[in-house]
Amino acid sequence: MIPKDHPRYQSLVTREHLAECARAGIVSLEGLTSHGRGEAFDYLLGEKTSASALRAEKTAAALLRLAKHPVLSVNGNTAALAAHEIALLQKASGALVEVNLFHRTPERVQQIEAVLRKAGAAVFSGEAERLLPLSHDRAFCRREGMYAADVVLVPLEDGDRCEVLVGMGKKVIAVDLNPLSRTAKTATLTIVDEVTRALPRIAEACTALSDDECRSLVAGLDNRGFLAEAKDEMARRLHALD
Ligand code: ATP
Ligand code: MG
């Protein structure tokens, strides 16, 4: 048993939970490696939200508020880590919640939808079609869901799908602890923060921002700037740490 006062208690509990979700089929084995990559970058951030990430989170809220058809795209890792936070953000933003998987089977989709519904989310689960110009099952999404969206929030997304969604003219908000990933570089807006910290802050800003504040945040959106600040923050901490 891990002592509760151990400095890494929470991340060890999270790891055990993800391993449990992998055994249940909710998280893929590849999803476990993604989590490890995320943990390494979070270590460099001191496992806290930077001032720059908080501004990115407010900008994400502004994009969702100004959207006509916003969609929150959920994969296995996001459902395992942040189903309640997704439900909270859905209530604050009015966005559609849709499950989109890299490693897709009908059973996994249903399992993940059940996790989200149990957490209080209203899941959009119409018939998925092969609509995105991608090979394999990543091409699947729903015509009235992600395919029709103008703004899509994709926590822990793969670079290929992010690129395709941007190419379709959508505004893509990524949550990705790695500021060097293809996703981070291609998204319209990248939040370099841990998903369970990021989503409640976006939800809070969705309710707090005025329409004018939303418009001015979106007008000033500079993703390269956010990524440069995240890298600076990590480099500064890396130099200061023993
Ligand atoms: P890309 O395909 O964009 O180049 P990748 O192949 O390195 O990235 P993927 O597995 O496709 O990585 O995407 C998962 C991303 O999610 C990783 O960059 C990882 O750092 C990030 N990540 C993992 N866990 C979390 C988390 N809890 N919060 C935020 N980001 C996370
Ligand atoms: Mg990838």
Side-chain angles (χ1 to χ4, degrees), residues 8 10-22 26-50 52-54 56-57 60 72-86 88-89 99-104 108 112 115 119 132-139 152-167 170 172-203 223-224 226-227 229-231 233-234 237-238:
R8 311 218 51 78
Q10 194 47 52
S11 66
L12 294 172
V13 168
T14 303
R15 268 184 215 169
E16 281 181 5
H17 173 64
L18 279 176
E20 197 54 49
C21 289
I26 293 163
V27 168
S28 66
L29 293 180
E30 291 81 355
L32 292 180
T33 72
S34 295
H35 183 74
R37 195 155 50 256
E39 274 186 338
F41 282 102
D42 206 18
Y43 207 96
L44 298 178
L45 282 177
E47 294 170 335
K48 58 181 193 295
T49 302
S50 67
S52 150
L54 184 58
E57 283 151 5
L72 314 180
S73 176
V74 179
N75 64 10
N77 280 40
T78 304
L81 293 170
H84 283 100
E85 290 82 352
I86 286 286
L88 193 81
L89 179 56
V99 173
N100 286 295
L101 304 179
F102 194 124
H103 303 280
R104 182 186 192 94
R108 260 196 94 208
I112 293 169
V115 169
L132 307 181
L134 281 169
S135 61
H136 309 302
D137 294 348
R138 285 173 296 165
V152 197
L153 179 117
V154 286
L156 332 184
E157 183 56 275
D158 174 62
D160 285 351
R161 184 152 53 190
C162 180
E163 205 169 333
V164 159
L165 292 172
V166 170
K170 301 180 192 309
V172 177
I173 306 165
V175 181
D176 192 333
L177 279 159
N178 178 3
L180 305 167
S181 74
R182 279 177 310 141
T183 300
K185 289 184 193 161
T186 356
T188 314
L189 168 66
T190 304
I191 298 165
V192 184
D193 199 5
E194 205 283 323
V195 68
T196 60
R197 294 197 303 266
L199 298 180
R201 288 177 167 89
I202 305 173
N223 201 44
R224 288 170 72 95
F226 281 128
L227 295 181
E229 282 167 355
K231 284 186 277 181
E233 177 74 17
M234 288 179 189
R237 286 186 47 86
L238 196 57

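Whatever order the structure lists them in is the order used to number ligands and atoms, beginning at 1. Here the structure is a predicted model, which means the values were calculated and not measured.
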Could you pull out, from [options], the option with a heavy atom nearest to [atom]?
atom	options	result
atom 4 (O) of ligand 1	R182, R37, R197	R182
atom 2 (O) of ligand 1	P179, G38, G159, A80	G159
atom 29 (C) of ligand 1	T186, L156, D158, L32	L156

So which of the N, O or S atoms of D158 lies nearest the Mg ion (ligand 2)?
OD1

Considering only NZ, NE, NH1 and NH2 on the basic side and carboxylate oxygens on the acidic side, decide whether R8 and E39 come within less than 4.0 Å.
no

R108 bridged to D137 by N-O distance under 4.0 Å
no

For [X], take its heavy atoms, then give the atoms of ligand 1 lying under 4.0 Å from any of them.
X	answer
D193	28 (N), 29 (C)
N178	18 (O), 20 (O)
L81	27 (N)

Which residue holds the protein heavy atom closest to [atom], what is that atom called, and what is the gap in Å?
atom	answer
atom 8 (O) of ligand 1	S181 CB, 3.7 Å
atom 13 (O) of ligand 1	E157 O, 3.3 Å
atom 23 (C) of ligand 1	S34 O, 3.1 Å
atom 27 (N) of ligand 1	E194 OE2, 2.6 Å
atom 3 (O) of ligand 1	T183 OG1, 2.6 Å

Might you work through the side chain to side chain contact (heavy atoms under 4.5 Å, CB included) test for V192 and E233, ending with a clear yes or no?
CA-CA 11 Å; V192 184; E233 177 74 17; over 6 Å; no

Check E30 against ligand 1 and report side chain, backbone, both or neither, counting heavy atoms closer than 4.0 Å.
neither

Side-chain touch L227/T190, heavy atoms, less than 4.5 angstrom
yes

How about E229 and S50: do any of their side-chain heavy atoms sit closer than 4.5 Å?
no

Do any N/O atoms on [X] end up under 3.5 angstrom from N/O atoms on ligand 1?
X	value
V195	yes
A184	no
D176	yes
L177	yes

Does ligand 1 have any atom that is closer than 4.0 Å to a heavy atom of T33?
no

Between the CG atom in D176 and the CZ atom in R37, the distance rounded to the nearest 0.5 Å is 8.5 Å

As an exercise, state the distance from CZ of F41 to CG of L180, rounded to the nearest 0.5 Å.
5.5 Å

Which residue in the set V195, D42, L156, I191 passes side-chain contact (heavy atoms from CB on, under 4.5 Å) when paired with L177?
D42

Exam field: side chain R15 to backbone H35, donor-acceptor pair closer than 3.5 Å
no

Quick one: does T78's side chain have a donor or acceptor within less than 3.5 Å of a partner on V74's backbone?
no

Whether the N100 and S73 side chains hold a donor-acceptor pair (N or O, under 3.5 Å, no angle test) is what I'd like checked.
yes

